[in-house]
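Letters A, B, ... mirror the listed sequences (proteins, then strands); counts begin at 1.
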2 protein chains.
Amino acid sequence: MTSVQGARARARIEITAAIKDEARTQLAAEGAARLSLRAVARELGMVSSALYRYFPSRDDLLTALIVDAYDAVGAAAERADGAAGPDDPIGRWTAVCRAVRDWAVAHPHEYALIYGSPVPGYTAPQDTVGPASRVGLVLIAIARDALAADGIALPPLSPELRPEAERLAADVAPDLPPALAVTLVAAWSQLFGLVSFEVFGQFNRIVEDRDTFFTSAATRLAHEVGLLPRTKRPARTRTQPRTGRA
Amino acid sequence: MTSVQGARARARIEITAAIKDEARTQLAAEGAARLSLRAVARELGMVSSALYRYFPSRDDLLTALIVDAYDAVGAAAERADGAAGPDDPIGRWTAVCRAVRDWAVAHPHEYALIYGSPVPGYTAPQDTVGPASRVGLVLIAIARDALAADGIALPPLSPELRPEAERLAADVAPDLPPALAVTLVAAWSQLFGLVSFEVFGQFNRIVEDRDTFFTSAATRLAHEVGLLPRTKRPARTRTQPRTGRA
DNA sequence: GTCTATAACGAGATAGAC
DNA sequence: GTCTATCTCGTTATAGAC
């Protein structure tokens, strides 16, 4: 009986994956706003009502695609961080930035789904906030490790910004100095500004050698955050980025 | 006969404006991907075929909306720059950044149209590139004036980036040092990273006091570009941002 | 229990005849 | 410009296959 259950479960997983794959194809062709359950079903040789066994509504399918996309960039960022030398904060930082950009360039439509215009009529459920925070948590972990190993120069903090910095730090990274936490959030959004401009075509006829341009800008972001070229004494343990999911 | 022609021309302008207004309303409700000529016509009490007298296709209507949006942010940026003290590069820079952000927050759907995900199936014609460059040209003008008045410290330029920096500078700002030109382009995209994250909801539950946060980040961007708090001798003439349109 | 298929709803888009 | 016949869509109810 386990084999029957196993077979069913396997079939379910496969069909779910096929649905999402086909939906991703449609995403590329039509955009998220025009994602159609019926078209997905038609393309898979199913009838539209059958899809409801797998996704209770169109918005749930969208949510699954969004979560998958956030998880994919997040995993790419974590992998790049893990592959970089632990004692080299700037190396880790730029590796993560490049991983995010490479993923975005390779998956422009999924990138647009999560970092582009919001889908009209769709409101993201709570399920997306965990995956959405993975890239940010990697950046925070890099800063945390650098801090523990004297590999960071704290960025300046203006008095006007101090209250918000403290509030924000308490929320997203209670173990980091407020000045570092706000700067990280700003750098995080600026990183995606670079990526979005490239993916969305704003650099057309302006930036040619995008690779070099991006790497240079990412490195400058690392300096902006205060990361130093090399830690004086290596951090003993590398901080695992917390998943952010309950 | 001029009066008849004048009346006709006036009516045409009014109807064109009404069509665009209604289209903007639909943009907010349905998104650019679902902009429908028929729905616009219906709402205006016209028949869909009548719209083709004003816009030869859906894409042309979209283009008009895009050009209007770029012109609106561009004008806001130019106005803010003009209102700032000419001898204060950082003041001008942050004023322009704030103007862009304020416009974006006030017009999130038009902002999404020009700086969000590309509309599937739509390719921007040449008409959009002039208006699209207005904000960038304002930032360039600020840097140019600061340079002329000794109000800027040239940002560093890594050897790897030099070729691309020279290419890029020749294209977008031939009178600026390559190091400054690339840094400006990076800062330009990072500015829109900050704005997009706020408008698209990525700062939800993360940044609370968005005003202070943004102003602080914009000021740091100004420093990043090399702008100095005050020019030693005031620039005699303020550079007009070139319109970029032929 | 788990799935798929049929049929239908209300709403909207689309094409073409008039 | 109007009308109509025919599409699409998301979603549900129901019935039957495994």
Side-chain angles (χ1 to χ4, degrees), chain A residues 1-68 109 113 117-125 127-128, chain B residues 8 11-12 14-16 18-62 65 109 113 117 119-122:
Chain A
M1 70 196 208
T2 42
S3 91
V4 172
Q5 282 182 5
R8 254 210 276 275
R10 229 175 306 121
R12 190 180 171 81
I13 289 171
E14 269 172 33
I15 296 179
T16 306
I19 293 172
K20 291 198 288 190
D21 271 353
E22 177 55 36
R24 270 185 280 265
T25 307
Q26 287 211 11
L27 214 74
E30 299 282 348
R34 296 201 143 184
L35 213 204
S36 144
L37 274 191
R38 288 187 109 108
V40 171
R42 197 182 320 124
E43 217 62 33
L44 292 175
M46 312 171 79
V47 83
S48 69
S49 59
L51 282 199
Y52 284 82
R53 288 279 152 190
Y54 300 88
F55 298 96
S57 77
R58 193 197 89 121
D59 279 11
D60 287 277
L61 174 54
L62 250 186
T63 300
L65 296 179
I66 289 171
V67 168
D68 280 4
H109 304 101
L113 179 63
S117 329
V119 184
Y122 171 85
T123 44
D127 322 32
T128 61
Chain B
R8 255 210 275 276
R12 188 177 172 84
E14 269 172 33
I15 296 180
T16 306
I19 293 172
K20 292 199 287 190
D21 272 353
E22 177 56 36
R24 271 185 278 265
T25 308
Q26 286 212 11
L27 249 176
E30 300 282 349
R34 296 200 146 185
L35 215 203
S36 140
L37 277 188
R38 296 182 87 97
V40 172
R42 190 184 331 121
E43 218 63 32
L44 291 175
M46 313 171 77
V47 84
S48 64
S49 55
L51 279 199
Y52 287 85
R53 298 262 162 208
Y54 300 88
F55 297 96
S57 76
R58 192 197 88 123
D59 279 11
D60 288 280
L61 175 54
L62 252 185
L65 297 179
H109 305 101
L113 179 63
S117 331
V119 184
Y122 171 86

Considering every strand and a 4.0 Å limit on heavy-atom distances, what is the contact class for [X]: base, sugar-phosphate, or nothing?
X	answer
A:Ser49	base
B:Ala50	sugar-phosphate
A:Phe55	nothing

If you measure from [atom1] on [X] to [atom2] on [Y], what distance do you get to the nearest 0.5 Å?
X	Y	atom1	atom2	answer
B:Ile19	B:Phe55	CD1	CZ	5.5 Å
B:Ile15	B:Asp21	CD1	CG	13.0 Å
A:Leu113	B:Ser117	CG	OG	8.0 Å
A:Leu37	A:Met46	CG	CE	11.0 Å
B:Arg38	B:Arg42	CZ	CZ	8.0 Å
A:Gln26	A:His109	CD	NE2	12.5 Å

Length of the [atom1]-[atom2] vector between [X] and [N], whole Å:
X	N	atom1	atom2	value
A:Ile19	D:dG10	CD1	P	13 Å
A:Asp59	D:dC9	CG	C1'	14 Å
A:Ile13	C:dC3	CD1	P	11 Å
A:Tyr52	C:dT2	OH	C1'	19 Å
A:Ile15	C:dT4	CD1	C1'	10 Å
A:Arg53	C:dC3	CZ	C1'	6 Å

Indicate whether OP1 or OP2 belonging to C:dC3 is found under 4.0 Å from a side-chain N or O atom of A:Arg12.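 For A:Arg12, the contact criterion (side-chain N or O under 4.0 Å from OP1 or OP2 of C:dC3) is met.
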How far apart are the closest heavy atoms of A:Pro120 and B:Ala29, and which atoms are they?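 Minimum heavy-atom separation between A:Pro120 and B:Ala29: CB-O, 3.9 Å.
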Residues touching DNA chain C, which here means a heavy atom under 4.0 Å, drawn from residues 21-48 of chain A: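 By residue number: A:Arg38, A:Met46, A:Val47.
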Can you pull the salt bridge (Lys or Arg N to Asp or Glu O under 4.0 Å) pairs that have at least one residue in residues 43-68 of chain A, sequence neighbours excluded?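 Every pair satisfying salt bridge (Lys or Arg N to Asp or Glu O under 4.0 Å) with a residue in residues 43-68 of chain A: A:Lys20-A:Asp68, A:Arg24-A:Asp68.
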Taking the side chain as everything from C-beta on, heavy atoms only, tell me whether B:Leu65 gets closer than 4.5 Å to B:Leu35.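 They are in side-chain contact.
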Base-pair map of DNA chain C as dot-bracket, where | denotes pairing with a different strand and pairs are Watson-Crick or G-U under 3.5 Å: |||||||||.||||||||
